[in-house]
Amino acid sequence: MTSTVPNAVQHTDAQPPITMFGPDFPYAYDDFLAHPAGIGQIPATEHGAEVAVIGGGLSGIVAAYELMKMGLRPVVYEADRIGGRLRTVGFEGCDPALTAEMGAMRFPPSSTALQHYIDLVGLKTKPFPNPLSPATPSTVVDLKGESHYARTIDDLPPVYREVMDAWNSCLEEGADFSDMNRAMRERDVPRIREIWAKLVEKLDDQTFYGFLCASDSFSSFRHREIFGQVGFGTGGWDTDFPNSILEILRVVYTEADDHHRGIVGGSQQLPLRLWEREPQKLVHWPLGTSLSSLHDGQPRGAVTRLDRTAGNRVTVTDATGDIRTYRAAVFTGQSWLLLSKIACDDALFPIDHWTAMERTHYMESSKLFVPVDRPFWLDKDATTGRDTMSMTLTDRMTRGTYLLDDGPGKPAVICLSYTWCDDSLKWLPLSPKERMDVMLKSLGEIYPGVDIRKHVIGNPVTVSWENEPYFMGAFKANLPGHYRYQRRLFTHFMQDRLPADKRGLFLAGDDISWTAGWAEGAVQTALNAVWGVMAQFGGATDPTNPGPGDVFDDIAPVELPEG
C-alpha cells in the first residue's frame with residue numbers, strides 16, 4: 001500500500017503501466033521522444049537561426065535543447081538560476097552532498113517524458129518516503145491531538161479505511177474511475193475522449209469539495225475532514241478543496257500522486273546537465289556543441305520587455321538594455337510575469353489569451369529543511385519498540401514532515417514542514433529561525449520525548465514560493481470554470497488558428513499544461529512549443545513519427561461552448 005488513501009484501482013505488474021497519457025490530450029510523448037526518426041527537422045536554409053527561449057527552468061531548457069538539436073540557435077534568458085522550480089540547495093557549512101529540494105522533490109513513474117530526460121543525462125532515482133509508502137519506515141498521523149503510529153494503513157483506526165473506501169466509491173460513482181484507468185493503460189484514445197468529454201461538461205463548474213459532498217459515500221463531515229487533513233498519496237488535500245475537481249481527476253487518473261521517486265543528488269541536476277550536455281546526434285552544429293557553449297557558459301539575464309515589431313517579429317529587451325529581435329520565441333516563465341515584471345505589448349497575444357493568463361490561479365507553497373547529524377528517527381524507543389520519530393501528517397502548523405536520509409550514520413535532512421495555500425501564508429511573515437522554532441514546538445507536542453534540536457547541525461533553509469519575485473506562487477491550480485482558459489493556453493502552440501500578427505511567440509511551462517505542478521507538464525508543453533517553432537520555420541516531423549501538432553485535430557482537448 002503506497003498511500004494513506006490510495007486510488008480506486010490497484011493494478012498488477014501484468015497490466016500495462018499508466019502514463020500521463022491524457023485525459024485532455026491523449027498523445028504519447030514518450031513514444032515521440034523514443035522514435036529513431038527524431039522529433040522533427042527544419043530546412044537547411046534556416047539552420048543557425050536564433051530563437052529566444054525565455055526562462056531557464058525545466059521547460060525552457062528542454063525546449064532549448066531540442067531546438068539546438070534541430071539546428072536552430074536558442075538564446076536562453078534567465079532572471080535567476082537555471083532550474084526554475086527544480087531548485088536544489090545546500091546547507092552553509094555542511095557537507096555539499098547534503099541537500100534540500102526547495103521545489104519539485106518527488107516524481108511519479110507515470111511521468112514518462114520526464115523520465116526520458118532523466119535517463120538521457122544519466123541520473124538515478126530512488127523511492128521517495130511518502131506517508132505509508134514502502135520507502136517510509138513508519139508514519140504518524142496526528143489529528144486533534146491524537147497520534148496513531150503505522151507502517152501500513154491497517155495499523156490505523158478503522159475510520160481511515162472507511163475514508164479510503166469512501167474516496168474509492170466517490171471516484172467510481174462520479175468519475176468512471178475504473179473505466180478511465182483501463183482506457184489510459186491501454187491508450188484507448190476514443191474511449192478516453194468519450195469519458196472525459198462527458199466529465200468536463202458535467203464537472204467544470206464543480207469544486208473538489210463539492211464533488212465530495214455530492215457523493216453519498218462522503219455524507220459524513222468527519223470523513224470529509226479526515227480526508228482533507230490526511231488525503232491520499234502525499235498527504236492532506238484540503239488546501240485543494242476550492243479548486244476544480246477536474247484538476248484532481250487528472251492527478252488520480254494519471255497516478256501522479258503515487259509511487260513517487262526522488263532524483264539522487266537533487267532534481268536541479270536535470271536542467272543543469274541538459275545545459276551542459278553535448279548531443280551525439282544533432283544537425284548543423286559541430287560535435288561538442290552544448291547549450292552552455294552556445295552561451296559562453298551563462299544564459300542571458302532577465303527579460304524586461306517584449307514587443308511585436310515589423311514583420312511579425314518578437315523583440316526582447318533584457319536587464320542590460322540589450323535589444324534583440326527574433327522570428328520565434330518561447331516563453332516558459334510563470335504567466336503572471338507577463339502581467340507584472342515584464343513590460344508587454346498588448347499585441348503579443350489575442351485578448352482572450354490575455355484573459356486566460358489573468359485568470360490563472362496559483363497555489364502558495366512553503367518548505368523548511370534542517371540538516372541533522374544522522375537519521376536518529378530510526379532509533380527504537382526502549383518502551384514501545386517503535387521508531388523514535390516518523391514521517392508525520394498532522395493538522396498542526398507543520399502539516400507534513402518528511403525524513404530524508406542516505407543510510408545509517410550519515411548526516412541527514414528533515415523537511416520540518418511542507419505546506420500549501422493558507423497554511424503556507426501562515427509562515428510568510430516569519431524568519432527562517434522563527435519558522436524552525438514554531439515547527440520544533442509543534443513536533444515536540446507530537447514527540448514529547450524527542451529532542452530534535454540537539455541533532456540539528458546547521459541553519460535551516462526555507463522558501464515561500466508566493467514571495468519569490470520570478471514565480472509569485474508554486475504552481476497553477478484551476479478554479480471551477482477555468483477549463484476554457486486552460487484550453488486556450490495549452491492549445492496556443494497551434495498557431496495556424498491565430499491571426500498572422502499573433503504568431504511566433506509560444507507558451508510553455510507546467511502552468512500551461514493540464515498537469516500543473518508536475519515536471520511532466522513542463523516537458524510536454526516544451527515539446528509542443530518545439531513543434532510550433534519547427535512549423536514556424538517551415539519544418540516537419542517524419543511521417544512515421546507525427547508530432548503533437550500533426551495529430552491535434554484527432555485528439556484536441558474538449559471545446560466547451562463560450563456562449
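For the single chain, residues carry numbers from 1 onward in sequence order.
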Report, one line per pair, each donor and acceptor closer than 3.5 Å where one atom sits in a side chain of residues 21-29; sequence neighbours left out.
| from | atom 1 | to | atom 2 | distance (Å) |
| --- | --- | --- | --- | --- |
| Asp24 | OD1 | Trp196 | NE1 | 2.8 |
| Asp24 | OD1 | Arg250 | NH2 | 3.2 |
| Asp24 | OD2 | Arg250 | NE | 2.5 |
| Tyr27 | OH | Pro546 | O | 2.8 |
| Tyr29 | OH | Asn528 | OD1 | 2.7 |
| Tyr29 | OH | Asn528 | ND2 | 3.3 |

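Minimum interatomic distance between Leu404 and Ala412 (heavy atoms only, all atoms of both residues): O-CB, 3.4 Å.
Using the six-membered ring where Trp is involved, Phe475 and Trp420 have ring planes that are perpendicular, over 60° apart on the 30 and 60° scheme. Using the six-membered ring where Trp is involved, Phe493 and Trp531 have ring planes that are perpendicular, over 60° apart on the 30 and 60° scheme. Using the six-membered ring where Trp is involved, Phe227 and Trp167 have ring planes that are tilted, between 30° and 60° apart.
Taking Arg386 as the reference, nothing meets the side chain to side chain donor-acceptor pair (under 3.5 Å) condition, with sequence neighbours excluded. Partners of Glu173 by side chain to side chain contact (heavy atoms under 4.5 Å, CB included), not counting sequence neighbours, listed by chain and number: Ser169, Ser215, Ser217. With sequence neighbours excluded, the residues that form a side chain to side chain donor-acceptor pair (under 3.5 Å) with Tyr65 are Arg277. The side chain to side chain donor-acceptor pair (under 3.5 Å) check on Tyr362 picks up Ser335, Asp511, with sequence neighbours excluded. The side chain to side chain contact (heavy atoms under 4.5 Å, CB included) test applied to Ser442 returns Arg396, Met397, Thr398, not counting sequence neighbours. Residues passing the ring-ring contact (aromatic ring centres under 6.0 Å, His included) test with Tyr117: none are found, sequence neighbours excluded. When the ring-ring contact (aromatic ring centres under 6.0 Å, His included) test is applied to Trp427, no partner is found at least two apart in sequence or on another chain. Under the rule for a salt bridge (charged side-chain N to carboxylate O under 4.0 Å, His left out), Asp188 has no partner lying at least two apart in sequence or in another chain. For Thr332, the side chain to side chain contact (heavy atoms under 4.5 Å, CB included) criterion is met by Ser59, Val330, Ala508, not counting sequence neighbours.
In this structure, Thr525 contributes its side chain and Gly521 its backbone to a donor-acceptor pair below 3.5 Å. Ser267 places a side-chain N or O within 3.5 Å of a backbone atom of Ala104 that can act as its donor or acceptor partner. Formation of a donor-acceptor pair under 3.5 Å by the Gln229 side chain with backbone atoms of Thr394 is not found in this model. The closest donor-acceptor contact from the side chain of Glu172 to the backbone of Ser178 lies under 3.5 Å. Side-chain atoms of Arg261 come within 3.5 Å of backbone N or O of Thr125 as a donor-acceptor pair. Within the 3.5 Å criterion, the main-chain N or O of Gly509 finds no donor-acceptor partner in the side chain of Gln334. With hydrogens and angles ignored, the 3.5 Å screen pairs no side-chain donor or acceptor of Arg151 with any backbone N or O of Leu132. Here the side chain of Tyr447 pairs a donor or acceptor atom with the backbone of Ser390 at under 3.5 angstrom. Looking at Ser424, its side chain does come within 3.5 Å of a backbone N or O of Ser366 through a donor-acceptor pair. Checking side-chain atoms of Tyr483 against main-chain N and O of Leu203 turns up no donor-acceptor pair under 3.5 Å.
If you take CE on Met184 and CG on Asp179, they are separated by 12.5 Å, rounding to the nearest 0.5 Å.
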Verdict with reasoning, Arg85 to Glu468, per salt bridge (charged side-chain N to carboxylate O under 4.0 Å, His left out): CA-CA 11 Å; Arg85 278 163 293 156; Glu468 291 288 301; over 6 Å; no
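Residue pairs that meet the salt bridge (Lys or Arg N to Asp or Glu O under 4.0 Å) test with at least one member in residues 512-532, sequence neighbours left out, do not exist here. Note on residues 99-121: no pairs pass salt bridge (Lys or Arg N to Asp or Glu O under 4.0 Å), not counting sequence neighbours.
At most 12 heavy atoms of other shown residues, nucleotides or ligands fall within 6.0 angstrom of atom CD in Glu201.
Ion pair Arg222/Glu162 not flagged as a salt bridge, since none of the NZ, NE, NH1 or NH2 atoms sits closer than 4.0 Å to an Asp/Glu carboxylate oxygen. A salt bridge between Arg399 and Asp238 is present, with a side-chain N of the basic residue lying under 4.0 Å from a carboxylate O of the acidic one.
Aromatic ring centres of Trp354 and His492 lie farther apart than the 6.0 Å criterion allows. Separation of the Tyr209 and Trp237 ring centroids does not fall under the 6.0 Å cut-off.
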